[in-house]
Asks: 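Once you've had a glance at the structure underneath, I'll fire off some questions.
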Amino acid sequence: MSSPTFRLYNTLTHETEPVEPIEEEHLQFYSCGPTVYMYAHIGNFRSFLTADLIRRTAEAIGWDVTNVSNITDVGHLTQDDLVDPGGEDKMQQALEREGERFANIYDLARHYTEAFLEDWRALNLREPEVRPRATEHVTDQLRAVVELVESDHAYATDQGVYFSVESADDYGHLSGNTEAQQLQASERDVVEDPDKRDPRDFALWKHDPDHLMHWHSPWGWGYPGWHIECSVMGMQYLGNRFDLHTGGEDLIFPHHECEIAQNQSLAGHRVINYWVHTRFLQVEGEKMSKSKGNFYTVRDLIQPSPEDDHVPASVRDQGGVDPLALRYALMQGQYRKPFNFTLDTLHTAARHVQRYRDAAERVEAALTADADGPDELGDRLGDIYDRTLEAMCDDLNTPAATAAALEGVKAIEQMDRMSGASARSARTWLDRTNALLGIIESTFEADEQTDTASETDPTSDSLADSIEELLADREAARRDGEYARADAIRDTLEALGIEVMDRPEGPEWRRKVELR
RNA sequence: GGUGACGUGGCCGAGUGGUCAGGCAGAGGCCUGCAAAGCCUCCUACGGCGGUUCGAAUCCGCCCGUCACCUCCA
């Protein structure tokens with residue numbers, strides 16, 4: 001069967017286009033990563049999720065993927081075009097805020113980098129092939145700046161080195177910000193470098209020997225501009241021509257506009273063919289902001305601290321939500337449309353993820369039993385997978401894809417008894433769907449991860465034992481017709497967050513998936 | 001002011017000319033000692049006004065509204 005055509009909306013052309021890799025069946029792309037000065041929030045991860053889904057979709061249609069995703073661990077000025085020796089950057093501000101926690105700026109960066117990677121793994125995002133850090137590529141950045149100065153794409157002043165926007169004819173194409181006046185529209189009561197030739201020019205190097213992080217350069221001690229790191233690291237690992245670049249919509253201007261100008265000036269031609277931008281999300285109908293109290297970092301939701309009262313009590317009281325439920329919730333909106341993240345969506349997502357897990361368990365049990373009988377699922381699940389993949393290939397239509405995939409879960413749920421043949425089809429379907437969407441832990445790859453049971457099941461063995469004991473009591477009570485006592489035991493279990501289901505073959509229990 | 005996205009039922013969100021999205025919530029039913037879980041059934045909308053068309057949520061025009069960017073930001 002031939003794969004559907006993978007199409008993505010390209011900000012550069014304002015059109016949804018078939019993705020045609022330069023190297024046949026090998027997608028090479030760069031994803032703008034985080035600046036590590038605080039814990040990443042769910043909006044950050046919506047953007048990283050887009051990159052993850054591009055990878056998974058490309059792999060599902062049989063392509064190889066090389067993805068580079070950076071860590072920005074250099075502080076950059078909050079006002080990017082200004083070279084203000086007394087100015088503060090985001091990381092410096094963070095250090096002042098949290099000075100007692102960290103010995104120095106590098107410690108702070110290390111801490112937030114590690115936290116970021118933890119969140120990344122918790123949300124089941126696939127690891128990029130290369131994850132370069134800006135601080136490890138400063139020399140490379142300097143080399144590029146020298147090259148740009150030598151080719152008259154950049155010039156030095158007393159305060160730094162600037163890219164000359166005039167020298168890049170394509171500048172403004174991506175964002176539509178073509179007029180110089182537009183860039184002066186907002187007045188800022190800060191001091192600009194009087195030697196800047198054009199207000200649009202942006203900094204490649206900032207002279208500042210007192211900056212917390214500084215490096216030696218031909219122009220003295222200082223640190224690199226924000227935009228140059230992505231150009232340099234992208235081209236270093238993916239070459240002078242590669243396929244695609246992802247990031248949040250806010251990066252369209254100035255970051256990606258500047259990156260294109262730098263790339264094309266360094267390479268002498270277009271470097272990247274497709275630009276994919278993820279829309280900001282809203283939370284409960286409003287822009288996510290600390291002042292509105294709807295600002296959630298990933299760890300606010302998956303492992304909230306008990307006393308953090310800005311986290312909704314429903315999430316806090318149960319010790320955080322399933323990270324995979326958060327991932328699933330973020331997939332309920334297409335990356336390019338406005339998406340309203342709500343606790344309601346999160347709640348629904350948690351239940352759906354649980355249904356996948358239950359279905360996977362049933363399939364495993366049926367595989368073990370290996371009952372005789374025809375394959376009653378193969379054709380139906382094959383069709384469902386095709387529709388799921390088609391949706392993903394259609395500009396990552398995750399709401400449609402998850403809707404299609406849920407039909408597969410239903411198909412499994414609806415089987416009264418499952419033959420070994422059906423179970424094998426179901427297992428194949430679950431594996432493929434899971435590879436494409438990353439919905440649950442890989443149940444069937446348990447070999448490599450020893451002890452997944454204790455990892456994935458937060459219930460300790462001793463608690464499990466006492467639950468079994470209570471259930472046995474309750475069964476005895478039910479047998480004797482003492483329903484009041486049986487119900488009381490069920491209430492006790494409920495209070496422990498345990499849900500009891502009386503099935504024909506006996507009682508079953510599981511941790512309750514509840515969010516309000 | 002410039003640029004770009006978008007407006008679908010109580011809620012979230014698919015759907016680009018004619019047939020059903022799907023989920024959540026709600027209602028009824030099956031099952032159950034009662035529940036829970038699951039299953040079945042029901043609820044049926046396209047911001048407004050014009051236009052094109054046999055037929056418009058879908059195409060065109062205008063209006064209203066929302067969001068984002070215009071040198072901190074995913």
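Labels below follow one simple rule: chain letters A, B, ... track the order of the sequence lines, proteins then strands, and each chain is numbered from 1.
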Asks: Base, sugar-phosphate, or nothing for A:R336, non-hydrogen atoms under 4.0 angstrom?
Replies: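 If one applies the 4.0 Å heavy-atom cut-off, A:R336 turns out to touch the sugar-phosphate alone, with no base involved.
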Asks: Is there a Watson-Crick or G-U wobble partner for B:A57 with both distances under 3.5 Å, and which nucleotide is it?
Replies: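 Per the H-bond distance test, none.
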Asks: In whole Å, what is the span from the CG atom of A:D395 to the P atom of B:A5?
Replies: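 Taking CG of A:D395 and P of B:A5, I get 12 Å after rounding.
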Asks: Suppose we define a pair by two distances each less than 3.5 Å, Watson-Crick or G-U wobble; what does B:C46 pair with here?
Replies: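 Across all strands, not a single nucleotide pairs with B:C46.
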Asks: Go ahead and name the base partner of B:G38; Watson-Crick or wobble counts if both distances stay under 3.5 Å, otherwise write none.
Replies: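 Checking every strand shown, B:G38 finds its partner in B:C30, with both distances under 3.5 Å.
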Asks: Under 4.0 Å between any heavy atoms, over every strand shown, what does A:D487 touch: base, sugar-phosphate, or nothing? Just pick one.
Replies: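 Base: the residue A:D487, judged by heavy atoms under 4.0 Å, touches a nucleobase.
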Asks: Looking only at N and O atoms, is any donor in the side chain of A:R279 or the base of B:A5 less than 3.5 Å from an acceptor on the other one?
Replies: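 Pair found.
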Asks: Less than 4.0 angstrom from a charged side-chain N to a carboxylate O is my criterion; do A:D491 and A:R474 meet it?
Replies: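 Result for this pair is no, no salt bridge flagged.
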Asks: Could you tell me whether the side chain of A:R490 has a donor or acceptor atom within less than 3.5 Å of a complementary atom in the base of B:A35?
Replies: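 Looking at the base of B:A35, it does pair with a donor or acceptor on the side chain of A:R490 (distance under 3.5 Å).
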Asks: Any donor-acceptor pair, under 3.5 Å, between the side chain of A:D250 and the base of B:C70, if you only look at N and O atoms?
Replies: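 For A:D250, whose side chain was compared with the base of B:C70, there is no donor-acceptor pair (under 3.5 Å).
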Asks: How about A:Y112 and A:Y39: are their ring centroids closer than 6.0 Å?
Replies: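 Ring-ring flag for A:Y112/A:Y39: true, centres closer than 6.0 Å.
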Asks: For the residue pair A:Y328 and A:H352, does the interplanar ring angle fall in the parallel (under 30°), tilted (30 to 60°) or perpendicular (over 60°) class?
Replies: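 The rings of A:Y328 and A:H352 stand perpendicular, inter-plane angle above 60°.
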Asks: Quick one: A:K410 NZ to B:G38 P, roughly how many Å, whole number?
Replies: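 Going from A:K410 (NZ) to B:G38 (P), I get 10 Å.
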Asks: Could you work out which one of B:A5, B:A36, B:C72 sits closest to the side chain of A:W226?
Replies: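 Selected nucleotide: B:C72.
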Asks: Regarding A:G247, tell me which of base, sugar-phosphate or nothing describes its non-hydrogen contacts under 4.0 Å with the strands shown.
Replies: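 The residue A:G247 makes sugar-phosphate contact but no base contact.
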Asks: For B:U52, what is the paired nucleotide under Watson-Crick or G-U wobble rules, both distances under 3.5 Å?
Replies: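 Checking every strand shown, B:U52 finds no partner, since no pair has both distances under 3.5 Å.
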Asks: Choosing from B:G38, B:A68, B:A37, which nucleotide comes nearest the side chain of A:R355?
Replies: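 Nearest nucleotide to the side chain: B:G38.
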Asks: Given that both distances must come in under 3.5 Å, which nucleotide forms a Watson-Crick or G-U wobble pair with B:A68?
Replies: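 The answer is B:U3, by the H-bond criterion.
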Asks: Ignoring hydrogens and angles, are the base of B:G15 and the side chain of A:D394 linked by a donor-acceptor pair under 3.5 Å?
Replies: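 No such pair is found, so the answer is no.
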Asks: Report yes if the distance between the aromatic ring centroids of A:F295 and A:H310 is under 6.0 Å, otherwise no.
Replies: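 No, they do not, as the ring centres are separated by 6.0 Å or more.
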Asks: Take atom CG of A:L12 and atom P of B:A5, then tell me their distance rounded to the nearest Å.
Replies: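 In whole Å, B:A5 P lies 13 Å from A:L12 CG.
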Asks: Take the protein atom OH of A:Y328 and the nucleotide atom P of B:G23, then report the distance between them rounded to whole Å.
Replies: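 After rounding, the reported distance stands at 10 Å.
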Asks: Please give, in whole Å, the distance from B:U3 C1' to A:H277 NE2?
Replies: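 Spelled out: NE2 on A:H277 to C1' on B:U3 is 14 Å.
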Asks: Without swapping roles, check the side chain of A:K206 against the backbone of A:Q159 for a donor-acceptor pair under 3.5 Å.
Replies: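 Not a single qualifying donor-acceptor pair exists.
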Asks: Name the residue closer to the 5' end of RNA chain B, choosing between A:R474 and A:P399 according to the nucleotide with the nearest heavy atom.
Replies: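 The 5'-side residue here is A:P399.
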Asks: Answer with base, sugar-phosphate or nothing: what part of the nucleic acid does A:F339 contact at a heavy-atom distance below 4.0 Å?
Replies: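 If one applies the 4.0 Å heavy-atom cut-off, A:F339 turns out to touch the sugar-phosphate alone, with no base involved.
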